[in-house]
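Below is one structure, written out as structure tokens; comments come after it.
Along the sequence shown, residues are numbered consecutively beginning with 1. Atom set for the values below is all heavy atoms of this structure, side chains included, hydrogens, waters and symmetry mates excluded. The model shown is predicted, which means the values in this text are computed figures rather than measured ones.
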Amino acid sequence: MTEASVLFLRACLALLAMPIYLLSFLGIWEPFCRKIFFPYFLEKFSAVHERKTKKQKQELFRNLPDFTSPSGELKLLEIGTGCGANFQFYPPGCKVTCTDINPNFQRGLSRSMNKNQHVHYERFLVAAGEDLHQVPSGSVDAVICTLVLCSVHSVNGTLKEVLRVLRPGGAFYFLEHVAADHSSWKYFWQQICYPTWKLVFDGCCLTREIWKNLEQANFSELKLQHISVALPWTPIQPHIIGYAVK
């Protein structure tokens with residue numbers, strides 16, 4: 001009964017989103033989404049999400065200076081930088097390499113850089129999380145990834161690259177929305193929204209259990225907490241937050 005209900009309600013949602021499905025079929029939606037809609041949406045959404053998670057982020061990034069390298073530098077790599085919503089939380093003087101698979105965030109990113117001049121911006125790389133070959137192995141003190149692992153092609157592949165680019169003793173910081181408890185109504189609605197949500201929001205997957213990937217990765221230490229972010233009327237309230245040490 002539940003499976004039938006999910007399929008029926010998915011079809012209803014797809015019917016409501018039929019113009020987008022039609023544009024996708026014609027090959028128009030994806031380039032429009034990547035170039036115009038998603039950068040615009042992400043900048044607006046990031047502002048809302050940042051207000052809801054500001055205290056958690058301040059707490060999360062508070063110990064970033066602890067991972068400063070013996071040379072006295074703190075080199076950060078951010079995967080899926082987007083519009084630079086995390087820059088305000090980085091310690092003064094740190095050096096940041098920004099990466100994103102989508103190069104169309106530059107306008108919002110520039111605004112964020114101008115607001116956060118306590119950070120030194122080294123370079124921006126157009127790169128997928130699973131392929132950071134432009135970043136040398138063991139060259140960064142910390143990797144930051146927020147609201148990104150939901151849409152990478154391979155979570156395990158991305159974590160493998162994170163471990164490669166981190167120096168021994170370096171840390172990986174994360175804040176990601178994840179699948180709800182399977183017995184909950186939230187998970188029921190995640191299943192219904194899944195196909196249309198993924199199409200509209202540039203590959204974002206609602207039901208990934210990312211904490212399992214982190215637990216299975218080869219980190220020496222993992223600090224992970226399940227939290228709920230107050231985003232009413234959305235299927236992305238369940239989150240995980242924390243950091244892992246190489």
Side-chain angles (χ1 to χ4, degrees), residues 9-50 77-87 96-115 121-135 143-162 174-179 189-208 210 231 233-236:
L9 290 167
R10 271 185 182 178
C12 292
L13 191 56
L15 203 59
L16 289 170
M18 189 53 70
I20 293 176
Y21 278 92
L22 183 60
L23 289 172
S24 177
F25 177 75
L26 295 171
I28 297 168
W29 174 254
E30 280 80 1
F32 169 77
C33 177
R34 183 155 285 209
K35 191 167 186 180
I36 298 168
F37 170 74
F38 197 62
Y40 172 81
F41 166 82
L42 191 67
E43 190 168 6
K44 302 299 179 191
F45 174 76
S46 293
V48 174
H49 192 271
E50 189 272 318
L77 171 72
E78 183 160 0
I79 298 174
T81 306
C83 303
N86 295 322
F87 293 161
V96 183
T97 296
C98 306
T99 75
D100 208 292
I101 197 169
N102 186 345
N104 298 300
F105 293 114
Q106 297 284 10
R107 190 175 296 170
L109 190 58
S110 294
R111 278 197 288 271
S112 193
M113 286 176 171
N114 289 334
K115 275 190 221 166
Y121 302 101
E122 295 218 288
R123 54 182 177 155
F124 178 85
L125 304 174
V126 179
E130 305 89 340
D131 182 11
L132 300 169
H133 69 270
Q134 296 146 287
V135 183
V143 176
I144 290 95
C145 187
T146 61
L147 301 182
V148 173
L149 294 178
C150 58
S151 55
V152 296
H153 291 300
S154 167
V155 176
N156 288 337
T158 301
L159 294 178
K160 193 175 176 182
E161 276 290 79
V162 167
F174 55 87
L175 171 63
E176 300 287 342
H177 70 81
V178 292
W189 286 108
Q190 283 179 335
Q191 287 180 295
I192 289 161
C193 296
Y194 186 96
T196 299
W197 186 276
K198 188 176 181 182
L199 173 65
V200 173
F201 297 112
D202 201 23
C204 175
C205 299
L206 291 172
T207 56
R208 287 186 173 172
I210 296 165
L231 295 164
W233 308 106
T234 75
I236 58 167

Check whether any side-chain heavy atom of F41 lies under 4.5 Å from a side-chain heavy atom of K44, and answer yes or no.
no

Parallel, tilted or perpendicular: which fits the ring planes of W29 and F37, with parallel below 30° and perpendicular above 60°?
tilted

Taking the six-membered ring for Trp, are Y194 and W197 ring centroids under 6.0 Å apart?
no

Please tell me if the side chains of R10 and P195 come closer than 4.5 Å, counting only heavy atoms from C-beta onward.
yes

Run E30 and R34 through side-chain contact (heavy atoms from CB on, under 4.5 Å) and show every step you take.
CA-CA 6 Å; E30 280 80 1; R34 183 155 285 209; over 6 Å; no

Hey, is OH on Y40 packed in by over 12 heavy atoms from elsewhere, all under 6.0 Å?
no

Within this structure, what is the OG-OH distance for the pair S112 and Y121, rounded to the nearest 0.5 Å?
5.5 Å

Student check: side-chain heavy atoms of D131 and H153 closer than 4.5 Å
no

Can T81 and F105 be said to form a side-chain contact (heavy atoms from CB on, under 4.5 Å), step by step?
CA-CA 9 Å; T81 306; F105 293 114; over 6 Å; no

Going by heavy atoms in the side chains, are L147 and L42 under 4.5 Å from each other?
no

So E78 and N86, do their side chains get closer than 4.5 Å, heavy atoms only?
yes

So do F87 and C98 actually touch side chain to side chain, heavy atoms under 4.5 Å?
yes

Tell me whether R111 is salt-bridged to E43, with the criterion being a basic N under 4.0 Å from an acidic carboxylate O.
yes

Is the ring pair F45/H49 parallel, tilted or perpendicular, if the boundaries are 30 and 60 degrees?
tilted

Flag side-chain contact, heavy atom, 4.5 Å: V148 against F174:
no

Should the heavy atoms of other residues, nucleotides or ligands under 6.0 Å from CZ of R123 be counted, would the total exceed 12?
yes

So do the side chains of V48 and L231 get within less than 4.5 Å of each other, counting heavy atoms only?
yes

